[in-house]
2 protein chains.
Amino acid sequence: MEYPGRGDAARTMALLWDGAPTPRRGPRQRLDLARIVDAAIAEADRSGPAALSMRALAHTLGIGPASLYTYVPGKAELLELMVDRVAGGRPLPSADAGWRAGLRDLAASDLAAFRAHPWLLQVATSRTVFGPSVLARHDAALALLDGYGLAAIDIVGCVAAVEAYTRGAASAVVEAEQAPALTGSSDDEWWEERAPLLGERMAGRFPRLAALEEAGAFAVSDSALPYTLQRALDRFAFGLDLVLDSVGARIAAARD
Amino acid sequence: MEYPGRGDAARTMALLWDGAPTPRRGPRQRLDLARIVDAAIAEADRSGPAALSMRALAHTLGIGPASLYTYVPGKAELLELMVDRVAGGRPLPSADAGWRAGLRDLAASDLAAFRAHPWLLQVATSRTVFGPSVLARHDAALALLDGYGLAAIDIVGCVAAVEAYTRGAASAVVEAEQAPALTGSSDDEWWEERAPLLGERMAGRFPRLAALEEAGAFAVSDSALPYTLQRALDRFAFGLDLVLDSVGARIAAARD
DNA sequence: TAAAAACACCGTACACCGTTCGGTGTATTC
DNA sequence: GAATACACCGAACGGTGTACGGTGTTTTTA
């Protein structure tokens, strides 16, 4: 099929919004797009987005590497499809229980997605994916602050702030969670290799870190893990409350 | 993005904290570590962290690819050195003008770093770099909230929230700024290729997006750029104020 | 002063990667 | 039955990070 615009952009858009075109002649495709994208997601979950290889993916799907390009223009486009598919795979945040519960729901859902698919954090940095599911989520997020008297630009600002915070804080959580998997060694090993060297050199240099460490709010030189998952999750919730409190203040101010 | 290779942790730590060791025998090295790291930073600034190639870097430095490994255990370690060097290259945030100015300073400085070195956003996702400059920045950031009566754990929470927000919001800014460079085409071209297809399919589907677009707070289907830099910067400031307002509220609460 | 050791440097090669091309066989349409 | 459009694939291209073995240079040792 020939696509107007001739670039891969048009074809990617078509794939995102309309799915794979159904040709009229020739043998049927043995696979369908959804299955390919799902397999790619599973593979990226396992080994990261850079480690996701078209060859390995083709192999797991039981086809040759070249055949993948019958379904998808390239790896970048496949990643876009993956992003949109993940966005479509979870329920939209609901405004029924009020704005605060709604925004919290949004953040929690995004955090869960980032934890389940850590590669999202690295893929989505480069450019927004204009897929139907991604846009639907945006739309639903904006709807959460509808009807509280906020100016349009403030609605966008508040939602963007929640999403920005979520992304940043989620990467801290994922770091705490994924770190051991990346090196292949256990987290203990990774840390124990560095702890002695670090403790030596940090001695007396960073008073604040040392003080907070003693207060138990921070850990950098003991034999425990540097960032435990629980600590990261607590921090996530703490910071989210900060943002939501201020959103509440704006809403209250708009009421008057 | 994920990077292969894992040199021994000890050597990386030594490079981060002590610099290159000075051997006693044999010919002198023709280059020094700082120059290599700087060249790598310059190259990554130009073409992204994935496009940073050891071969190209070696060529720029006037040595063979294999010789690079005399200085640095591998690409992953080089990236760690780059992160720490960038952290060391800017002034620490100052607490002199009060906590709010200090945190704002911190966020602004981080944003500037992310804009100047977009690859930081992709590199730093995988794991904290335990280098001297990175830790010094952490220490200075925590010092900003010293002496306001906050509990240690709340200090850490507030600073972490600001940093998390900054990272997430910075990636939106960088996206707005870098998008055209990534595709190679101008931003106009990129957008004009997609706009007609997008407008068609979005029609009537996303009421909130459409409404906010009419209010001028959002733009997705006109012929202008989807995310202008100025809009992203405004949103950054708006969201940062949200976070800082809540930090102020916690400080006020702690005073009583 | 001569030998030995330690080291920088590099040519080459390996195992991957994403992607393209030409060719082959198959299912649909004429 | 012929033409056609298509799915699929083997092989190859140009790239990547990195390991290895060898060569030549400098410093230390005897």
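Because the structure is a prediction, the values reported are computed rather than measured.
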Covered region of DNA chain C, 5' end to 3' end, by chain A [heavy atoms, under 4.0 Å]: C:dC17 to C:dT29
Set of residues satisfying salt bridge (charged side-chain N to carboxylate O under 4.0 Å, His left out) with respect to A:Arg25, sequence neighbours excluded: none
Could I get the full list of side chain to side chain contact (heavy atoms under 4.5 Å, CB included) partners for A:Ala164, not counting sequence neighbours? B:Tyr165, B:Ala169
Could you tell me whether A:Leu57 contacts a base, only the sugar-phosphate backbone, or nothing, with contacts defined as non-hydrogen atoms closer than 4.0 Å? nothing
What side chain to side chain donor-acceptor pair (under 3.5 Å) pairs are there with at least one residue in residues 28-39 of chain A, not counting sequence neighbours? A:Asp38-A:Arg85
Among all residues two or more places apart in sequence or in another chain, which pass the side chain to side chain contact (heavy atoms under 4.5 Å, CB included) test with A:Ser53? A:Arg55, A:Ala56
How is B:Arg55 classified with respect to the nucleic acid when contacts are heavy atoms under 4.0 Å: base, sugar-phosphate, or nothing? base
Partner residues of B:Tyr69 under the side chain to side chain contact (heavy atoms under 4.5 Å, CB included) criterion, sequence neighbours left out: B:Met54
Describe the nucleic acid contact of B:Leu78 in one word from base, sugar-phosphate, nothing, applying a heavy-atom distance below 4.0 Å. nothing
Upstream residue (5' side of DNA chain D) when A:Gly64 and B:Pro65 are each assigned their closest nucleotide: A:Gly64
At 4.0 Å (heavy atoms only), tell me whether A:Ser67 reaches a base, stays on the sugar-phosphate, or touches nothing. base
Footprint string (nucleotides 20-30 of chain D, 5' to 3'): B base within contact, S backbone only, - free, heavy atoms under 4.0 Å: B----BBBS--
Under 3.5 Å, is there a donor on one side chain and an acceptor on the other for B:Thr128 and A:Glu175? yes
Counterpart residues, salt bridge (charged side-chain N to carboxylate O under 4.0 Å, His left out), relative to B:Glu163 (two or more places apart): none
Tabulate below the donor-acceptor pairs under 3.5 Å that side-chain atoms of residues 110-119 of chain B make, not counting sequence neighbours, or state none.
residue	atom	partner	partner atom	Å
B:Asp110	OD1	B:Arg90	NH1	3.2
B:Asp110	OD1	B:Arg137	NH2	3.4
B:Arg115	NE	B:Glu177	OE1	3.0
B:Arg115	NE	B:Glu177	OE2	3.2
B:Arg115	NH2	B:Glu177	OE2	2.6
B:His117	ND1	B:Asp45	OD1	2.8
B:His117	ND1	B:Asp45	OD2	3.1
B:Trp119	NE1	B:Asp45	OD1	2.6

